[in-house]
Amino acid sequence: MSATLERGINAFKEHLDAPIASFFSSCVHCGLCADACLFYTETGDPQYTPIHKLEPLRRVWEQEYTLWGLFKKAIGLARPLTDKDLEDWVPLLYNSCTLCGRCSMVCPVGNDLVYMIRKAREGMSASGNAPEGVKGAAKRTIEIGSPMGVRLPALKAQAKHVEKDTGLSVPFDQEGVEYLVMMSSMEIMNYPEYLEAIVRIFHQAGKSWTLSSEAFEATNAGIQIGSSDIARDIVSRIVTAAEKLKVKTVISPECGHAYTALRWEGANLIKRPFTFQVQHIIEVLDELREQGLLKTEGMEEEKLTFHDPCQLVRRGGVIQQPRNLMNLVASHFVEMNDSGKMNWCCGAGGGVSANEDADEIKMKAFNRKKEQLEELKVDGLVTACANCRIQLEEGMEEYEMELPVYGLTEMLAEHLVKDK
Amino acid sequence: MSTRKPSSSPAPGSVGEYLRAQGISRRGFLKFCTATASMMALSPAFVPRLVEALEKAPRPSVIWLSFQECTGCTESLTRSHAPTVEGLIFDAISLDYHHTLQAASGEAAELAREEAMKENWGKYVLVVDGSIPLGNPGFSTIAGISNVDMLMDTAKGAAAIVSVGTCAAYGGLPQADPNPTGAVSVQDLIKDKPIINVPGCPPIPVVITGVLAHFLAFGLPELDELNRPKVFYGQNIHDRCYRRPFYERGQFAETFDDEGAKKGWCLYKLGCKGPTTYNACATTKWNQGASFPIESGHGCLGCSEPRFWDGGSFYKALSVPTGDLGQTAGYALAAGGAVGIAAGLLARQKKAQAVKDHETVTVNDLHKGEHS
Amino acid sequence: MMTPIEQIDIKIEPFEQNTGNILPTLHQIQHALSALLKSDQTTSIDINAMPFAPGEKQTLKDTLSTGEVTATLNALGKSHIYETQYAGVWWIEHYNSHEHSVGQFIEVTWIPELLKSQAEDVQAGLERLLATL
Amino acid sequence: MSGAEFLLWVRGPAFDMAMAIFLFGLLLRFLEIFLLGRKTDLSVARGNAMAGGVRTMFTRFLPADKNSFQRSAFTIVAGYVFHIGLLVALFLFVPHIELIKATVGIGWPGLPTPIVDFFTAMTLIALIAVLFHRLTHPVLKFLSTGEDYLVWAVTFIPLLTGYMAYHHLFFEYAWLLGMHILSVEILLIVFPFTKLMHTFTLFLSRWYQGAMAGHKGVQS
């Protein structure tokens, strides 16, 4: 056994727990998870059946943690996991899974498949079996501070632009404010409108907020690659900054897995509860709306729909809030078939967008979204995840569709009541 | 209407001749055959064939041996014996030895047996009731001859053997657990003769005579895998039971004195073994067709089936296991708990070890073969 | 001495028991009657071979009721033979010399075979008569 | 061995043995699962884990939504038919209830036998259809292991032998009943060491997923 394989198996053994043992005990190979997975539905290739992606993890569970499996291993009926096995499973555990969790929702015995995939990636990453693209993103996040290599000066430059455009200041490292606003590098690089929207909305709402020059990047390649150690490092920066600035709330940007990393995994990664709360920007905006602090005027007249980011909705529990906000500014808001917690993933989450090996299959997977949109015949698409937004734009380009994609926060900012 | 001619006279020494000699009219003979056919569970359409066969059938010599038994079988038979119609069958045979019924005893009786055997060697019918003790031959002897010796000796010249009653057929009560006498059945000992089993504790009398009548008229009846004549044992009690519709409807007596019992509902839950018991009780019935156990409100015990004494309580439903699960379950759960906890703790320990062995993964460790 | 079973006072309480075998028997009789008319074919039904609940046999008997002919036979015990209300349908019950029932039949025929004088008996009677003359 | 002796053996020692292995295995498997442990979630809950867990234990009896149902209609419908049929045959057939009453001590009213018979026939047909589906559907064919077919067989055979016993098909009743009981005993023995365990663990799995989702405020 090679040292890396050993490390991988050790990671599987560390992360196997009672829920996973129960899940594997319950699976009857009914195949329903395949019908819920866009990588299967759009390719028709049975190897993309979600439960099959977990075969290496299942084998370690059976062979290490069940008496029956130990017996099978003793009499030579069980095949121990090999380096080759793990290598063969890279395309299944990374390229063709966005951790969207749709399979978990349909499993009749209640198996949380995506919970298991997340754990399986621990062993994959520890054994050196993560795709190069994701490895690179993780490395850049740790070494440079952002998966796309964005550094503080870039953000500062963008802040300057925003200040110039709005006439409002962009606060950095302000202690004792209510909100610490996090960014995703995608927003810094591709969607500068986001920061501008934040500035204007908080100004109108009269809320104090700040950016941190020590931790502005919320995305977490450690979660995507499935390494708790790396994810912990990345989260810790934000925790340190938030605690240093004594903020009440850290706001996750319009990015799905950044929200998961902060909101649900963060405290577990650092092994202690946070001293601040974590909210997604959409949650914050809906709270402001409720409190009457988000005053808008005018409505979008176009027929618009909302693409649910998986980590925000199904895996995050922020389901009604984006709809409240949509209804605030869009007069012709329509739901997609399978909306809300049963949404279909854009096809590029969970590290897929950072993984060049998955470029082809992620475009195939996008076909699902394309069909949904064609069925709906909308004039525009709104979402609340920069990663989804990139995939949606690239996908539509690939399939030659002409449909504008908006970020929900920006759309709201556009309808803010103008200062007198 | 066609001209009718008297049939030719019956063969000399035949059953027909015997009956005629008894002054029985042709009408009487026809009635006898009709009743016999019914007794043999034959369709009335078979009556003419039976008439013909019985007229010609020779009267066989019968030797009846009783071993470890309670005389219930003989009682059952003689209860319905002459001068009834079915009793005639019994009269039509030449019962040359039956130590319970015959006047002679001791050596004279045994002499009669030996003579009958010699005279009819290879042709006589051997009827046996009772099981044979092998534990110690002295457990049961007749005139100083052990049961097993007498059986083996008498069987040699028999044309066929009829094992009457569950003891002779399967071992019966003497063989029930723990079988102190080492009782065995006739068919356990004799393998080279045709054996007809007429089980029952006791067998229905008309079934005994029916089997004899069949043997007289048509020779060996068709037998099932347990050597029982299919005509009598072809269907189980449950299938022919008049209470079957209640079973189908799910109406069951829960106790012997509840409303269901009073309404005559199915006795399955009270342990009726009708579904696994093959006998003619449900149609032939007992006491001249008066009733049978189920009709009297008690479930079938399955008395005509092998080892019916050892099948658990007579009052346990057929689907219920015969043993007492309580203790087994207790041991099993204790063992499962102990092994489960051991296995679980082993797994926990392995997991703890894995956590201890964990080497922090850094971005520089994400490649194969590389190790920080 | 033991009381013979027929002297024990048994009271059968009527209760709702029904094997459902009466109706099929009546249908069988109906088909047998048609066959008798059409092709002279006779049928004999062995009542004892059918599962009946207590009282059902009586119900069947009551349904068929009695007709014009009643006969009693004296051969090896009595036999009661009567035509039911449906001509051609005969109810025959045989008893042994102890008056125990030994068989019950329904015959669908012009006249039950047993009622006819038997050639052998006629022959024997003739011989007896000749001997007296 | 005669049918009666065979029946005696399956109702006696064989049943005890099978039941012992079943109970032993069941407890073993549950302890193996539970003792593996689980970390407490340190993130701030949005919803109620307990409520989510209980909810999911029951909601997963139904398809997630209409579209999911339509996408997997055959599997779901056939699955319902044979599971419901199995439950009816197992728990509403009077002789089975008697068995349960005798071993566990609780009983309940059963259904008329022709109804149970109908459900059994339906279940047999559904199981054959399910097997055919498994052998032909690309995903199922790909996923299926020997164990899947074994589990199918040990589920199918008790139903088949039960059906045969009821209708007295091909063998003498004592043999049929004996084979039926024996096949159930085989099922009991195999049960704890195969995915038949899902019968019990599905509630646990649903609980875990439901609780994790409930913690996040999602109804899973």
Drop me the distance from [X]'s [atom1] to [Y]'s [atom2], to the nearest 0.5 angstrom.
X      : Y      : atom1 : atom2 : result
C:E120 : B:R27  : CD    : CZ    : 11.5 Å
C:E107 : B:T34  : CD    : OG1   : 7.5 Å
C:K78  : B:K31  : NZ    : NZ    : 9.5 Å
B:F29  : C:Q118 : CZ    : CD    : 11.5 Å
C:F52  : B:K285 : CZ    : NZ    : 9.5 Å
B:L30  : C:L76  : CG    : CG    : 11.0 Å

Worksheet item: What are the two closest non-hydrogen atoms of B:S25 and C:A75, and how far apart are they?
Response: OG-CB, 4.1 Å
Worksheet, complete the sentence: Honestly, the part of C:L115 sitting under 4.5 Å from a heavy atom of chain B is backbone
Worksheet item: Above 12 or not: heavy atoms from other molecules or residues under 6.0 Å from CD of B:E52?
Response: no
Worksheet entry | With sequence neighbours excluded, residues passing salt bridge (charged side-chain N to carboxylate O under 4.0 Å, His left out) with C:K61 | C:E93
Discussion item. Among residues at least two apart in sequence or on other chains, which ones pass side chain to side chain contact (heavy atoms under 4.5 Å, CB included) with C:V122?
Written reply: C:S117
Worksheet item: Is the backbone of B:R26 close enough, under 3.5 Å, to the side chain of C:D121 for a donor and an acceptor to pair up by distance?
Response: yes
